[in-house]
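Notes to accompany the following structure.
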Amino acid sequence: MTLTGRIKEVASQALQHLFPGTGIEPSMVSVNQTKPEFSGDYTVVLFPFVKLLKLKPDELGRRLGEHLVGMEGSIFTAYQVVSGFLNLSVSDSEWLFFLSRTAGRDDLAPHAATGKKVMVEYSSPNTNKPLHFGHLRNIFLGYAMGEVLKATGNDVVKANLINDRGIHICKSMIAWQRTANGATPESAEIKGDHLVGDYYVRFNDIYKAEVKELVAAGMEEAVAGKEAPIMKDAQEMLVKWEAGDPDVRELWRRMNGWVYEGFEVSYKKLGVDFDKMYYESDTYLLGKEIVERGLEKGVLFKKENGSVWIDLTADGLDEKLLLRGDGTSVYITQDLGTAVLKYNDFKLDQSIYVIADEQNYHMQVLKLILQKLGEPCADGIFHLSYGMVELPTGKMKSREGTVVDADDMMEEMVRLSKEQTEQAGKTEGFTEAELAELYEMIGMGALKFYLLRVDPKKKMIFDPKESIDLHGFTATFIQYAHARICSILRKEGVSYNDYQPAPLTLTSEIAPAEKRLILALEQYASVLDAAADEYNPSLLCNYSFHLAQLFNSFYDVHSISKAESEEKKLLRLMIIVLTAHTLRSAMQLLGIRLPEKM
RNA sequence: GGUCCGGUAGCUCAGUUGGAUAGAGCAUCAGCCUUCUAAGCUGAGGGUCAUUGGUUCGAAUCCAAUCCGGAUCACCA
């Protein structure tokens with residue numbers, strides 16, 4: 001149990017003992033870290049009980065403080081009441097006990113298995129263009145959330161639903177057919193996803209030119225938009241695809257294959273993985289029988305032209321179409337089917353969708369419909385909604401070529417980390433291969449941290465003109481603190497990976513800078529829980545940065561190798577090993593690696 | 001228009017779910033390398049927490065209204 005949890009428990013027991021029959025429970029006790037300007041470690045807020053017990057804050061604080069400090073085996077050594085706040089000092093032996101119990105352990109925040117099966121669907125790209133900067137936020141979030149949920153005891157399935165069919169795919173195919181002269185990734189010496197993406201852009205160029213021509217010939221723009229030959233070709237191709245036309249299917253398989261090869265390279269570089277791939281070409285026909293059942297149950301209704309709808313007006317939403325008049329599916333129909341498919345495939349307790357907030361309404365409707373249909377998968381659906389990444393000029397538009405490409409961005413970040421490492425003159429003692437790995441760690445770490453450090457809900461603006469910083473609130477800062485610790489351990493001949501805490505009894509007090517670090521270290525488990533409960537990996541970024549900051553301040557005032565005494569040296573080694581392990585553990589959940597030297 | 005999300009320092013963001021004098025980073029300015037890595041540390045300046053009212057011992061946080069920005073509400077995906 002965490003220390004704040006214990007304090008709540010002990011304090012509520014004390015209050016029950018002092019004031020029997022008042023029914024004070026741990027959850028009613030508010031415990032905060034004591035502000036630095038007061039003495040003490042944790043603070044119990046007295047106000048909620050002042051009214052209840054009809055006592056003055058000072059009187060209540062004194063009695064509660066006396067009791068807590070006087071208790072047998074108390075973890076508190078002193079108390080102080082300041083205007084309604086009871087500041088409690090935790091004993092050094094308690095802190096030492098925490099350190100010796102935790103330092104060197106493999107699992108810093110052990111969790112019992114919840115027995116829950118949780119799917120996290122993320123990435124879910126279209127196969128008509130390469131990944132861009134916006135996808136990266138999705139991918140990092142999804143991966144991190146999967147790891148966090150694993151670390152908190154869940155059985156996690158990472159899934160990717162590939163959008164591999166539809167009119168947008170046909171557009172790239174048509175443009176390729178018309179203009180590529182049989183170009184392949186090999187012949188063009190370009191990644192497959194980029195090659196296909198180029199023809200998607202090409203399609204739009206041709207389309208625009210054709211529309212312009214038709215308008216010049218006197219056609220109205222709206223009509224020209226539908227009549228442009230290349231658009232008609234794309235639609236015709238989609239019909240052929242659905243009919244299973246062998247030539248179209250062959251080209252489709254070939255071009256998608258190029259894209260998958262390209263994606264694989266990107267995913268590998270991003271350091272993410274998937275346990276299950278779904279393809280829309282397999283799932284796009286699902287959902288119809290669910291609609292049929294809904295009709296039988298009377299949850300859905302048919303309009304005169306045969307289209308099927310659900311009435312969500314009672315829930316403050318609209319009527320929503322589920323099947324067209326001609327009996328064909330719309331987008332949400334296949335999502336209903338896929339939700340059920342996922343549930344049946346893995347017996348899911350929870351199904352998380354990492355999708356941008358522009359689909360909030362869609363996801364709300366999806367869940368609501370499944371609930372109304374009485375599908376067992378419904379209640380486990382959770383939309384992890386995140387704000388879109390925008391440019392200073394607005395949204396990224398692949399058709400207008402304003403996207404920041406994911407591969408380019410990764411390359412740029414690695415280049416930047418190389419440049420800054422060389423500038424700082426920190427390349428000595430590394431082999432070429434080690435340097436390459438270091439630049440990769442720093443560059444990719446900075447990129448991931450940059451996209452994960454903000455609350456997912458909030459949209460973010462990225463200015464490509466400003467490079468991502470390697471100073472301040474960054475992964476680099478955390479990596480640097482970690483490398484510094486490793487450097488000390490090397491010097492002291494202490495094993496980083498097989499550390500065994502030495503038995504230690506303290507004869508001197510724990511210093512403030514030491515205490516602040518220990519306090520923060522003790523909070524790791526609750527931060528991890530909060531990240532899982534709130535579906536918010538940015539909490540781990542904030543926490544890790546804060547921890548690294550505390551370490552740097554500590555490092556500045558206390559020497560390890562030249563510690564005042566042997567016991568101080570042992571204590572500080574324990575502290576810094578645990579700090580390094582905690583940083584590594586937290587960053588690992590975000591897919592960020594920490595070098596031992598930089 | 002309906003629904004949802006957001007508005008905190010010049011910029012980018014935290015704010016432990018209602019607690020003490022609202023905090024970081026960047027940028028600006030002033031200091032700190034003979035000492036375990038200066039990608040660091042210490043300090044300074046910088047705030048009408050969008051606005052107004054309410055709830056109470058106490059509000060950036062909860063409620064109401066208003067203003068501003070965004071998303072969404074297709075027989076599109």
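Lettering follows sequence order; numbering is per chain, from 1.
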- Is the charged tip of R165(A) near the ring of Y284(A): under 6.0 Å from the six-membered ring centre and within 45° of its axis? yes
- Quick one: does NZ or CZ of R453(A) land under 6.0 Å from the six-membered ring centre of F545(A), within 45 degrees of the ring axis? no
Return no unless some side-chain N or O of [X] is found under 4.0 Å from OP1 or OP2 of [N].
X       : N      : value
S561(A) : U35(B) : no
R324(A) : A77(B) : yes
Y450(A) : U12(B) : no

- Query: Between D58(A) and V81(A), which heavy-atom pair has the shortest distance, and what is it?
  - Reply: OD1-CG1, 3.9 Å
Between [N] and [X], is there a base-stacking contact, meaning the centre of the base's six-membered ring lies under 5.5 Å from the residue's ring centre while the planes stay under 30° apart?
X       : N      : result
Y480(A) : A39(B) : no
F85(A)  : G19(B) : no
F477(A) : A39(B) : no

Whole angstroms only, please: what is the [atom1]-[atom2] distance between [X] and [N]?
X       : N      : atom1 : atom2 : answer
H383(A) : U72(B) : NE2   : P     : 12 Å
N32(A)  : G58(B) : CG    : P     : 19 Å
M388(A) : G6(B)  : CE    : P     : 17 Å
R484(A) : A38(B) : CZ    : C1'   : 7 Å
M598(A) : A38(B) : CE    : P     : 12 Å
L368(A) : C4(B)  : CG    : P     : 14 Å

- Relative to its sugar, using the 90° cut-off around 0, the base of C68(B) is anti
- Query: Does U37(B) fall in syn (glycosidic angle within 90° of 0) or anti?
  - Reply: anti
Counting side-chain heavy atoms from C-beta on, which of [options] comes nearest to [X]?
X       : options                : value
L539(A) : G15(B), G19(B), G70(B) : G15(B)
V330(A) : A77(B), U16(B), G25(B) : A77(B)
H471(A) : G19(B), A39(B), A77(B) : A39(B)

- Query: E534(A) or E492(A): which one's nearest nucleotide on RNA chain B is closer to the 5' end?
  - Reply: E534(A)
- Query: Nearest nucleotide by nearest heavy atom, which residue falls closer to the 5' end of RNA chain B, E596(A) or E37(A)?
  - Reply: E37(A)
- Message: When you compare the side chain of E319(A) with that of K303(A), does any pair of heavy atoms fall below 4.5 Å?
- Response: yes
- Message: Using a 4.0 Å heavy-atom cut-off, does F38(A) contact any base of the nucleic acid, only the sugar-phosphate backbone, or nothing at all?
- Response: base
- Message: Between E564(A) and R572(A), does any NZ, NE, NH1 or NH2 come within less than 4.0 Å of an OD or OE carboxylate oxygen?
- Response: yes
